[in-house]
Amino acid sequence: MTQDHDETVSGERSLLSRRNVLTTLGAVPIITATAAVVGAPGAAAATAVINPSARRQTIRGFGGMAFAAWIGDLTAAQRETAFGTGEGRLGFSVLRIPVPENQADWSRDVATARRAIELGASVIASPWNPPANMIETFTRGSQTNAKRLRYNMYGAYAQHLNDFTTHMRNNGVNLYGISVQNEPDYAHDWTWWTPAELLRFLKENAGSISTRVIAPESFQYLKNISDPILNDPVALANVDIIGAHLYGTPFSNFPYPLFKQKGAGKELWMTEVYHPNSSDSADLWPQALDVGEHIHRAMVDAEFQAYIWWYIRRSYGPMREDGQISKRGAMMAHFARFVRPGYVRIDATANPASNVYVSAYQGPESIVIVAVNKGTSSVSQQFTVSNSTASGSVSSWLTDASRNVAPQGATSMSNGSLTVTLPARSVTTFVTGAGPGPSPSPTPTPTPTPTPTGDPGTGPRVVYTMSAWNNGFTAGISITNTGTTAINGWTLVFTLPSGQSITSGWNATYTPSSGQVSARNVSHNATLAPGATIDIGFQATHTGNTAEPTAFTLNGIPCVVA
């Protein structure tokens, strides 16, 4: 992607005819027990069955792009809106940034990336061009100044990506992954790669890159550039994330059978899109509902693990230029705020009624259901969790013509079921306590240690919650000050079991990444008042050992593990 079609940025070419290929793909919810539906009745829909035992992809997150060189950086307040998870926030958990070709520009996006990580997000990076000395021009059809990476510079280019990764790490940003090339198959304004060239680089050079490798980021999820990677064991071994863009990609092309056949151990991310276009305001309604359906399709039909918008702040983006969340942004927040990294999509009846789209996700203690009703009439919708007799509180949030992710009154689920009225042209997110989610490993309780002088009687309390998958996990840590005086500045120390290594974290600074780890406060949570609890966490890899740390100390005081 380059700049907007109606803008020109100094030093950058205007967008070509790409948008010609883009195609448009096409009242308060009242929740009760299954015995009755209160309020105006809607057309009855088939029961949406939620099946926690049918686990699909692990979600890595939802997010967008920051590109300070082209449109200016996010302000401090806009970073909070983008990556915060409270009311009035987008809840983004992934940030994508560029890899500038010139080292002098490498720090432009550091401030936003660092804050995103502090707020729990992962950061990935994509290059548009290698350094100028590494490229050559050639004629490609009618384009006489097309650019490509010189073959004798493949090794130097891999080092360039490594050097950027190191620079970001030294500035507090541990990249989750780095791409080989943004849209190598639609590169009129940047660097072209053929499938054969990309395959050669992956086989011969990508193995030296020090973070996860993302490829190929085709502009339209064209399989002719990713199929060769999946079919070549050497190239595939050097790729961690199959990345794709969805510009004009029809829903029928969302599924990827070859990835399901050969992508074991790899991740599948949608790393850039805007939808349905960049010409209209993001606040047009009901057009913004197209975004809700698009995300649903990306999660359910394509089984992507991440969904990343183009510019975070733009007239057609999730955040308007004034820093307020748009209607399109509300669509994203319905997923991003509630479906957090490490959650697992579980089977749900995807289309229980005409124009109604349902997806479900399981977290450590809850199930999240997102229901999109694009129809012009309300729908009476029953949700039933398979093999569950769970009863309890259900919270919900609604977006319609007049409201954006507005919290609604809580109600109760009865025997694993609830019935709701989905208003016409609306999106609703439900958070149920119907779990259980992925069970964490048992946490050993350390032998009690004599309390140091001055401690009020018990050590600080720690709750460690782990959600693991085949080669990684997320860990959430709650720290409670059980004392009677405030803690001003804190360091939590614990030892990660063998084979575990932190890749990114939030709400604390973690050093080193393995072995005995010190998690130090960041600026916004340095003070821990008496009785207060703060939540920190991290994402990590493992080599098969998913045991949990056995003991914690806070400022040298042994903690009680709850």
Side-chain angles (χ1 to χ4, degrees), residues 54-62 94 96 122 124 126 175-185 193 195-207 209 211-246 249-273 295 297-308 339 341-347 359 361 438 467-474 503 539-544:
R55 294 163 63 83
R56 303 307 177 190
Q57 75 269 31
T58 298
I59 304 302
R60 294 288 176 252
F62 303 83
V94 181
R96 183 173 179 241
S122 298
I124 64 170
S126 296
L175 293 178
Y176 186 88
I178 195 166
S179 174
V180 174
Q181 173 66 50
N182 172 73
E183 299 181 349
D185 54 345
W193 293 66
E197 289 166 346
L198 188 60
L199 194 68
R200 187 171 191 174
F201 178 85
L202 292 172
K203 293 173 68 171
E204 297 180 0
N205 304 98
I209 296 174
T211 189
R212 293 176 185 84
V213 173
I214 305 169
E217 291 201 288
S218 166
F219 87 104
Q220 207 174 28
Y221 202 14
L222 300 178
K223 310 303 194 296
N224 68 305
I225 195 166
S226 51
D227 281 356
I229 299 170
L230 291 167
N231 284 321
D232 189 299
V234 178
L236 186 59
N238 290 334
V239 173
D240 302 280
I241 300 170
I242 298 295
H245 299 177
L246 292 179
T249 308
F251 292 149
S252 60
N253 288 350
F254 275 28
Y256 199 179
L258 186 64
F259 179 83
K260 294 178 74 70
Q261 177 188 349
K262 297 191 174 183
K266 308 301 176 180
E267 299 186 6
L268 185 65
W269 286 40
M270 198 290 294
T271 56
E272 185 190 306
V273 77
I295 299 173
R297 299 275 194 167
M299 295 294 105
V300 175
D301 298 352
E303 298 190 72
F304 284 117
Q305 296 173 259
Y307 185 100
I308 303 172
V339 182
Y343 279 45
V344 176
R345 187 179 71 84
I346 55 179
D347 267 2
S359 59
Y361 311 83
S467 179
W469 57 92
N470 56 348
N471 59 355
F473 67 93
T474 57
T503 57
Q539 187 157 307
T541 58
H542 67 80
T543 57

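This one's a predicted model, so the numbers in the text were calculated from it and none came from an experiment. The basis for the numbers below is simple: all heavy atoms, side chains too, and nothing from hydrogens, waters or symmetry mates.
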### Sequence-distant partners of Glu204, side-chain contact (heavy atoms from CB on, under 4.5 Å), two or more places apart
Tyr151, Arg200
### Task
Only counting residues at least two apart or in another chain, list the ones meeting salt bridge (Lys or Arg N to Asp or Glu O under 4.0 Å) with Glu197.
none
### Query
Nearest heavy-atom pair of Ala215 and Ile229: which atoms, and what distance?
CB-CD1, 4.3 Å
### Query
Got a sec, which residues hit ring pair (Phe, Tyr, Trp, His ring centres under 6.0 Å) with Tyr361, two or more places apart in sequence or on another chain?
none
## Note on the structure
Taken to the nearest 0.5 Å, the spacing of Phe251 CZ from Leu246 CG works out to 9.0 Å
### Residues forming a side chain to side chain donor-acceptor pair (under 3.5 Å) with Asp301, sequence neighbours excluded
Arg297
### Message
Testing the basics here: between Ile214 and Gly177, what is the closest heavy-atom pair and its distance to 0.1 Å?
### Response
CD1-C, 3.9 Å
### Message
The criterion is side-chain contact (heavy atoms from CB on, under 4.5 Å); which residues satisfy it with Ser218, sequence neighbours excluded?
### Response
Asp185, Leu222, Ile225
### Message
Going by side chain to side chain donor-acceptor pair (under 3.5 Å), name the residues that satisfy it together with Tyr307, two or more places apart in sequence or in a different chain.
### Response
His294
### CA sep, side-chain torsions, deciding dist, call: Val180, Val239, side-chain contact (heavy atoms from CB on, under 4.5 Å)
CA-CA 10 Å; Val180 174; Val239 173; over 6 Å; no
### Reported OH-to-CD distance for the pair Tyr176 and Gln539, which is rounded to 0.5 angstrom
4.5 Å
### Message
Test your reading of the model: is there a side-chain donor-acceptor pair from Lys260 to the backbone of Pro255, 3.5 Å cut-off?
### Response
no
### Task
Evaluate the criterion side-chain hydrogen bond (donor to acceptor under 3.5 Å, both in side chains) for residue pair Ser126 and Arg96; output intermediate values, then yes/no.
CA-CA 7 Å; Ser126 296; Arg96 183 173 179 241; 3.0 Å; yes
#### Entry: Those residues that, when tested against Arg212, pass salt bridge (Lys or Arg N to Asp or Glu O under 4.0 Å) (two or more places apart)
none
### Query
For Gly544 and His542, which heavy atoms make the closest approach, and how far apart are they?
N-ND1, 2.9 Å
### Task
Start with the C-alpha gap between Asp232 and Lys203, add the side-chain angles, then the distance that decides, and say whether side-chain contact (heavy atoms from CB on, under 4.5 Å) holds.
CA-CA 9 Å; Asp232 189 299; Lys203 293 173 68 171; 3.2 Å; yes
### salt bridge (Lys or Arg N to Asp or Glu O under 4.0 Å) partners for Lys266, two or more places apart
none
### Query
Taking all non-hydrogen atoms of both residues, which atom of Ile242 and which atom of Pro216 are closest, and how far apart?
CG2-CD, 4.3 Å
#### Entry: Partners meeting salt bridge (Lys or Arg N to Asp or Glu O under 4.0 Å) with Asp227 (sequence neighbours left out)
none
### Query
Nearest 0.5 Å, what's the NE2-CZ distance between His245 and Phe219?
11.0 Å
### Query
To the nearest 0.5 Å, what is the distance between CD (Glu217) and CH2 (Trp269)?
10.5 Å
### Query
Hey, are the side chains of Gln220 and Thr249 touching, using non-hydrogen atoms and a 4.5 Å cut-off?
yes
### Message
Any heavy-atom pair between the side chains of Asn238 and Ile209 that's under 4.5 Å?
### Response
no
### side-chain contact (heavy atoms from CB on, under 4.5 Å) partners for Ala302, two or more places apart
Phe254, Phe304
### Message
Ignoring hydrogens, what is the shortest heavy-atom contact between Thr474 and Gly342? Give both atom names and the distance.
### Response
OG1-CA, 4.2 Å
### Task
State, to 0.1 Å, how close Val213 and Leu202 come at their nearest heavy-atom pair, and which atoms those are.
CG1-CD2, 4.2 Å
### Task
Can you sort out the partners of Tyr256 under ring pair (Phe, Tyr, Trp, His ring centres under 6.0 Å), two or more places apart, ordered by chain and number?
Tyr221
### Message
Run the side-chain contact (heavy atoms from CB on, under 4.5 Å) test on Ile124 and Arg60 for me, step by step, so that the C-alpha distance in whole Å, both residues' side-chain angles and the decisive distance to 0.1 Å come before the verdict.
### Response
CA-CA 12 Å; Ile124 64 170; Arg60 294 288 176 252; over 6 Å; no
### Task
Examine distances only and state if a side-chain atom of Thr211 and a backbone atom of Leu175 form a donor-acceptor pair shorter than 3.5 Å.
yes
### Task
Please name all residues satisfying side-chain contact (heavy atoms from CB on, under 4.5 Å) with Ala237, sequence neighbours left out, ordered by chain then number.
none
### Task
Look at the side chain of Arg345 and the backbone N and O of Met299, then say whether any donor-acceptor pair between them is shorter than 3.5 Å.
yes
### Query
After noting the C-alpha distance and the side-chain angles of Ile241 and Gln305, does the key distance pass the side-chain contact (heavy atoms from CB on, under 4.5 Å) rule?
CA-CA 10 Å; Ile241 300 170; Gln305 296 173 259; over 6 Å; no
